[in-house]
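This report refers to the structure that appears directly beneath it.
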2 protein chains.
Amino acid sequence: MRISSKGDYGLRALFDLAQRYGKGPVQSEDIARRQGIPINYLNQLLITMRRAGLIESLRGPQGGHMLARSPETITLRDVLIALEGPLLPGDGTREDLIPGVPEDHDLIDEVWSELRAQIETLLSRTTLDDLCQRKRQRAGSVMYYI
Amino acid sequence: MRISSKGDYGLRALFDLAQRYGKGPVQSEDIARRQGIPINYLNQLLITMRRAGLIESLRGPQGGHMLARSPETITLRDVLIALEGPLLPGDGTREDLIPGVPEDHDLIDEVWSELRAQIETLLSRTTLDDLCQRKRQRAGSVMYYI
DNA sequence: GTATTCTTGAGCAATTTGCTCTACTATGGC
DNA sequence: GCCATAGTAGAGCAAATTGCTCAAGAATAC
């Protein structure tokens, strides 16, 4: 169970967009530079996220990408499922298993299933807007000490 | 973030051992047959789990594998970390990232770190003994209806 | 119509996954 | 001591995934 650079890069990119939500499209090159993501790879991830309905993209000069929904409606769960795919056994990933003793097999399947639900609940609790607020709070507290 | 067959097979094998805890060694061939795991692959996973300190193994006739600790002290977290390795960015997996804007970079790092802690807490709540109890309860309730 | 920006798909080296197979080592029992 | 039984170790291997790059194409603003 590992989050690869896809999920990591993807979250960073969406966070970048969230901070500029409502201010028009943001170009992938700017995202790449600010967030330290290889541009060609980022472009791929952006396409994946557009197909997942997380962002919208405009071509041509002054084009770019923007969140398809407001930052408080996009959760870590949305990002990770879009980019990393299914999270645990029991969501179609491992249907090819040779079943053993049925009671044991079913019990373990249920454990994965419940675990997945719990983890998704956890992931659903954090939104892009939460991240933006955290950054603002942090910037604010720095101001006090200056 | 995906649990591969390693974690799945590994949990099934340990669950098999947990149900026979205290009754001497269990041979890998029996585990493989009961749990529907390819024997050669299972043998590899058993070695990994032994190196992680989850099981102990005895060679020779009447040899086999057994839990190194009691089932209530072995959690899903133990199993998954032993077999799947680090769970999320921020545990050494992705140190090679080119950092972007430092505030954003650090904030996302923290998010992964907190998330990992929360997921590990979740995983730590379920032990092998919990699974055994669940199976016994289930068997018990079936008895009532016969 | 041209510069800009996203889109699509190919390609590719490195790593991981999910195995198998062979050889080796340890141990219990005769 | 021999031998059958088990685990141990490591090589090998096809297929999939990761983490990219690159080139060609399509849409749009000016």
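Heavy atoms only: backbone and side chains are in, while hydrogens, waters and symmetry mates are out. The structure displayed is predicted, hence computed values, not measured ones. Below, chain A is the first sequence line, B the second, and so on; all start at residue 1.
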List every contact pair, protein side and nucleotides 22-29 of chain D side both N or O, where the distance is under 3.5 Å.
residue, atom, partner, partner atom, Å
D:dA27, O4', A:Arg59, NE, 3.4

Euclidean distance, atom CG of residue B:Leu83 to atom P of C:dT17 [Å, nearest integer]: 11 Å
According to the ring-ring contact (aromatic ring centres under 6.0 Å, His included) rule, which pairs have a member within residues 41-62 of chain A, sequence neighbours left out? A:Tyr9-A:Tyr41
Partner residues of B:Ser124 under the side-chain contact (heavy atoms from CB on, under 4.5 Å) criterion, sequence neighbours left out: B:Thr75, B:Arg77
Scan residues 13-32 of chain B against DNA chain D and write down, sorted by residue number, each residue with any heavy atom closer than 4.0 Å; if none is found, say none. B:Val26, B:Gln27, B:Ser28
Among residues two or more places apart or on two chains, list those pairs meeting ring-ring contact (aromatic ring centres under 6.0 Å, His included) that have a residue in residues 47-78 of chain A. none
Report the residues that fulfil side-chain hydrogen bond (donor to acceptor under 3.5 Å, both in side chains) with B:Asp104, sequence neighbours left out, ordered by chain and then residue number. A:Gln19, A:Gln35, A:Lys135
Just how far, in rounded Å, is P of C:dG18 from CG of B:Asn43? 17 Å
Mind calculating the distance between CD (B:Glu84) and P (C:dT17) to the nearest angstrom? 7 Å
How long is the line joining CG of B:Leu46 and P of D:dG10, in whole Å? 16 Å
I'd like to check A:Asp78 versus A:Leu123 (side-chain heavy atoms, cut-off strictly below 4.5 Å). Are they in contact? no
From CZ of A:Arg51 over to C1' of C:dC6, roughly how many Å is that when rounded to an integer? 12 Å
Tightest non-hydrogen contact, residues B:Arg125 and B:Asp130, listed as O-OD2, 3.3 Å
Does a nitrogen or oxygen in the side chain of A:Tyr9 sit under 4.0 Å from OP1 or OP2 of D:dC20? yes
For B:Arg12 and B:Asp16, run salt bridge (Lys or Arg N to Asp or Glu O under 4.0 Å): C-alpha distance rounded to whole Å, both residues' side-chain angles, the deciding distance at 0.1 Å, then the answer. CA-CA 6 Å; B:Arg12 291 174 197 275; B:Asp16 197 272; over 6 Å; no
Within this structure, what is the CG-to-P distance between A:Leu42 and D:dG19, rounded to whole angstrom? 14 Å
When you measure from the side-chain N and O atoms of A:Arg50 to the phosphate of C:dT5, is any distance below 4.0 Å, counting only OP1 and OP2? no
Between A:Lys6 and D:dG19, is there a contact of a side-chain N or O with OP1 or OP2 at under 4.0 Å? no
How far apart are the closest heavy atoms of A:Ile55 and A:Leu46, and which atoms are they? CD1-O, 3.3 Å
OP1, OP2 of C:dG18 versus side-chain N and O of B:Ser4: anything below 4.0 Å? yes
Taking CD in B:Glu29 as the centre, count heavy atoms belonging to other residues, nucleotides or ligands within less than 6.0 Å. Is the count above 12? no
Between C1' of C:dT5 and CD1 of A:Ile47, the distance in whole Å: 12 Å
Does D:dT8 have OP1 or OP2 under 4.0 Å away from a side-chain N or O of B:Ser57? yes
Could you check how far CD1 of B:Ile37 sits from P of C:dT20, rounded to whole Å? 12 Å
